[in-house]
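Count residues from 1 along the sequence. Note: hydrogens, waters and symmetry copies are ignored here, and every other heavy atom, side chains too, is used.
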Amino acid sequence: MRKKILVTGGAGFIGGNFVHYMVNKYPQYDIYNLDLLTYAGDLTKHCGIESKQNYQFIKADIADRKAIIPLFEEEDFDYVIHFAAESHVDRSITDPEIFVRTNILGTQVLLDAAKQIGVTKFIHVSTDEVYGELDFDPNTFFTEDTPLQPNSPYSASKASSDLLVRSYHETFGLPVNITRCSNNYGPYHFPEKLIPLTISRALNDQKIPVYGDGKNIRDWLHVIDHCAAIDLVMHEGGNGEVYNVGGHNERTNLEVVKAIINTLGKSEELIEFVEDRLGHDKRYAIDPTKLEKLGWKPTYNFESGIAQTIQWYLENKEWWEQIITGEYQHYFEKQYSL
Ligand code: NAD
Ligand code: TYD
């Protein structure tokens, strides 16, 4: 049976990969990509699927109630897969307000719209950062029962939206899932984030800023494995359940940067230790047992995933160059003028 799937934030990194994945895997589903096209949104990544029968783009602001409610009434979506957000921790430190508007208010508007038309399911794509930070003990992990203790304005806004999603399930019976994923990487990752920033700067022989001592740890997951996890949760996830998504690929930031530099044959002298991020979380690490029991298994480990990603950036220089030299060039100059 044909189903209408609304993907919010489908012009961004993960949403963009998810749109590709769904349009190609499910010709029987109609995929609607709703995105405001902020600095992080880019439609050129969809030029290969634009002409497909089951893909449609809608430009809209998730926090614009006057646009969102009538749109839901008109289209009567079956599923909402909600990625749209302000997603960069550094930006949430310099400008927290837009994070509150987009991530909290925007989610609430979507929940109201979904409740009004009675969707089959609302999937809220969240982050492990809502759990706060772990110490460096390698035997500690975030589980779905770890208390929410967000430390940055970004993670606080995501945790707030998670709680709103939970409340619409508990109060109104809205069918929901929340997924909390570790750090993603892969094709179309916006070049302000650590991995694409390192690749693009190394290729241009520019200094690579490593915050603090570079010993903070992130748990890296290839974006395609994240897409497969959301697909599984959408179809098989228990109503109201939260699922952590991560593949046990913990690396220090310095290990990540060195792996990229060495693969590209560049000098480690490009690394420049810079002032630490305010409130910089020490370590994130996911226990994915619950999702594995549902049937999920990642296809990439860090070595195969980073090799694929570096190759993609080498082959798609045009894509990331048009971003770092384009309309938002000043974003990169301001933050990384080392
Ligand atoms: P991104 O910044 O690359 O993309 C966000 C997209 O949302 C952009 O296309 C942007 O135009 C759109 N958007 C922003 N404000 C909007 C608004 N008001 N209305 C409509 N669209 C709007 O983000 P990403 O890295 O792809 O992350 C997607 C989701 O996954 C986010 O919710 C994020 O919190 C979550 N997440 C990300 C990671 C990661 O490592 N990137 C990890 C776990 C969870
Ligand atoms: P980032 O990609 O911003 O993701 P997040 O903050 O959501 O984990 O950062 C990943 C890690 O890399 C984080 O510990 C901060 C660090 N980092 C740097 O050392 N230098 C940089 O230029 C950036 C952007 C991040």
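Side-chain contact between Tyr131 and Leu148: present, with at least one pair of heavy atoms (C-beta onward) separated by less than 4.5 Å. The side-chain heavy atoms of Asp90 and Thr94, taken from C-beta on, include no pair separated by under 4.5 Å. Within the 4.5 Å cutoff, the side chain of Tyr300 has no heavy atoms near those of the Trp220 side chain. Counting only heavy atoms from C-beta outward, the side chains of His222 and Pro187 approach each other to under 4.5 Å. In this structure, Lys52 and Ile31 have side chains that are not in contact, with every pair of non-hydrogen atoms separated by 4.5 Å or more. Looking only at side-chain heavy atoms (C-beta outward), Asp30 and Arg2 come within less than 4.5 Å of each other. Contact check for Arg277 versus Val89: side-chain heavy atoms found under the 4.5 Å cut-off. Two residues are said to be in side-chain contact when any heavy atoms from C-beta on lie closer than 4.5 Å; Glu170 and Arg166 meet this criterion.
Here the closest non-hydrogen pair linking Leu221 and Gly246 is CD1-C, 4.2 Å. Across all non-hydrogen atoms, the minimal contact from Tyr243 to Glu241 is CE1-CB, 3.5 Å. The two residues Thr102 and Ile62 make their nearest non-hydrogen contact at O-CD1, 3.5 Å. Residue Ser126 comes nearest to Ile178 through the heavy atom pair CB-CG2, 4.0 Å, listed as atom of the first residue, atom of the second, then distance. Here the closest heavy-atom approach between residue Glu255 and residue Arg251 is recorded as OE1-CA, 3.3 Å. Cys227 and Asn17 get closest at one heavy-atom pair: SG-C, 3.8 Å.
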>> Assess the residue pair Leu314 and Leu203 against the criterion (side chain to side chain contact (heavy atoms under 4.5 Å, CB included)); give the C-alpha distance rounded to whole Å, side-chain angles, the decisive distance to 0.1 Å, and a yes or no.
In response: CA-CA 9 Å; Leu314 284 167; Leu203 285 172; 3.7 Å; yes
>> Before you tell me yes or no, could you show the steps for His124 and His169 under side chain to side chain contact (heavy atoms under 4.5 Å, CB included), namely the whole-Å CA-CA distance, both residues' side-chain angles and the distance that decides it to 0.1 Å?
In response: CA-CA 12 Å; His124 180 60; His169 176 69; over 6 Å; no
> Taking it one step at a time, do Ile195 and Ile306 satisfy side chain to side chain contact (heavy atoms under 4.5 Å, CB included)?
Replying inline: CA-CA 9 Å; Ile195 287 181; Ile306 199 73; 3.9 Å; yes
> Under the side chain to side chain contact (heavy atoms under 4.5 Å, CB included) criterion, do Tyr26 and Ile5 qualify, and how do the steps go?
Replying inline: CA-CA 11 Å; Tyr26 295 108; Ile5 320 285; over 6 Å; no
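Environment of CD in Glu275: sparse, with no more than 12 heavy atoms of neighbouring residues, nucleotides or ligands closer than 6.0 Å. With a 6.0 Å radius and a threshold of 12 heavy atoms from other residues, nucleotides or ligands, Lys215 has its NZ atom at or below the threshold. The 12-atom threshold is not exceeded at CD of Glu97, counting heavy atoms of other residues, nucleotides or ligands nearer than 6.0 Å.
Rounding to the nearest 0.5 Å gives a distance of 10.5 Å between CG of Asp281 and CD of Gln149. Note: Ile323 CD1 to Asp42 CG = 5.0 Å, rounded to the nearest 0.5 Å. Taken to the nearest 0.5 Å, the CD1 atom of Ile261 stands 10.0 Å off from the NZ atom of Lys266. Note: Leu110 CG to Leu164 CG = 11.0 Å, rounded to the nearest 0.5 Å. Annotation: the span from Ile199 atom CD1 to Ile208 atom CD1 amounts to 10.0 Å, rounded to 0.5 Å. Here CG of Leu105 is found 10.0 Å from CD1 of Ile98. Values are rounded to the nearest 0.5 Å.
Between the Asp225 side chain and the Thr299 main chain, a donor and an acceptor come within less than 3.5 Å of each other. No side-chain donor-acceptor contact under 3.5 Å links Ser155 to the backbone of Pro150. Remark: side-chain polar atoms of Lys293 are not paired, donor with acceptor, to backbone N or O of Pro288 under 3.5 angstrom. In this structure a side-chain-to-backbone donor-acceptor pair under 3.5 Å is present from Arg283 to Asp137. Listed for the Thr179 side chain is no donor-acceptor partner under 3.5 Å among the backbone atoms of Ile230. With Lys45 contributing its side chain and Ala11 its backbone, the two residues share a donor-acceptor pair below 3.5 Å. Between the Lys25 side chain and the Asp231 main chain, no donor and acceptor come within less than 3.5 Å of each other. Counting only distance, with no hydrogens or angles, the side chain of Asp219 and the backbone of Asn249 share a donor-acceptor pair below 3.5 Å. Judged purely by atom type and a 3.5 angstrom limit, Gln322 uses its side chain to pair as donor or acceptor with the backbone of Trp319.
Between Tyr211 and His280, the ring planes are perpendicular. Angles over 60° get that label, and only those under 30° would be called parallel. Ring orientation note: the planes of Tyr188 and His20 are nearly perpendicular, at an angle over 60° on the 30°/60° scale. Tyr21 and Phe18 have parallel rings, their planes meeting at less than 30° on a 0 to 90° scale where 60° marks the start of perpendicular. Ring-plane geometry between His235 and Tyr29 is classed as parallel, the angle between the planes falling under 30 degrees on a 0 to 90 degree scale with a further cut at 60. Using cut-offs of 30° and 60° for the angle between ring planes, the Tyr55 and His46 rings count as tilted. Taking the six-membered ring for Trp and thresholds of 30 and 60 degrees, Phe83 and His226 have ring planes more than 60 degrees apart, a perpendicular arrangement.
Salt-bridge formation is not detected for the pair Asp135/Lys282: no Lys NZ or Arg NE/NH1/NH2 atom is positioned less than 4.0 Å from an Asp or Glu carboxylate oxygen. Arg101 and Glu86 are not joined by a salt bridge, as no carboxylate oxygen comes within less than 4.0 angstrom of a charged side-chain nitrogen. Between Asp145 and Lys290 there is no salt bridge, since none of the side-chain N atoms of the basic residue sits less than 4.0 Å from a carboxylate O of the acidic one.
In the hydrophobic clustering of this structure, Val242 does not group with Leu294; members are Ile, Leu, Val, Met, Phe, Trp, Tyr whose side-chain heavy atoms approach within less than 4.5 Å, directly or through other members. No chain of hydrophobic side-chain contacts below 4.5 Å, direct or via other Ile, Leu, Val, Met, Phe, Trp or Tyr residues, connects Val176 to Ile123. The hydrophobic cluster containing Phe122 does not contain Tyr79, counting ILVMFWY residues as joined when their side-chain heavy atoms lie under 4.5 angstrom apart, directly or transitively. Residues Leu6 and Ile117 are members of one and the same hydrophobic cluster, defined by side-chain heavy-atom contacts under 4.5 angstrom among Ile, Leu, Val, Met, Phe, Trp and Tyr. With hydrophobic clusters built from ILVMFWY side chains whose heavy atoms lie under 4.5 angstrom apart, Leu270 shares a cluster with Trp320.
Using a 3.5 Å distance cut-off with no hydrogens or angles, the side chains of Arg218 and Tyr185 do not pair a donor with an acceptor.
Partners of Asp112 under the side-chain hydrogen bond (donor to acceptor under 3.5 Å, both in side chains) rule, at least two apart in sequence or in another chain, are Arg65, Gln108, Tyr168.
Tested against Lys158, the residues Val125, Val130, Ile104, Asp128 include a single side-chain contact (heavy atoms from CB on, under 4.5 Å) partner, Val130. In summary, of the residues considered (Asn244, Thr127, Asp162), a side chain to side chain donor-acceptor pair (under 3.5 Å) with Arg180 occurs for Asp162 alone.
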Please table the atom pairs, donor to acceptor, closer than 3.5 Å between any side-chain atom in residues 67-78 and protein atoms at least two apart or in another chain.
residue : atom : partner : partner atom : Å
Glu73   : OE2  : Gln116  : NE2          : 2.6
Glu75   : OE1  : Lys4    : NZ           : 2.9
Asp78   : OD2  : Lys4    : N            : 2.7

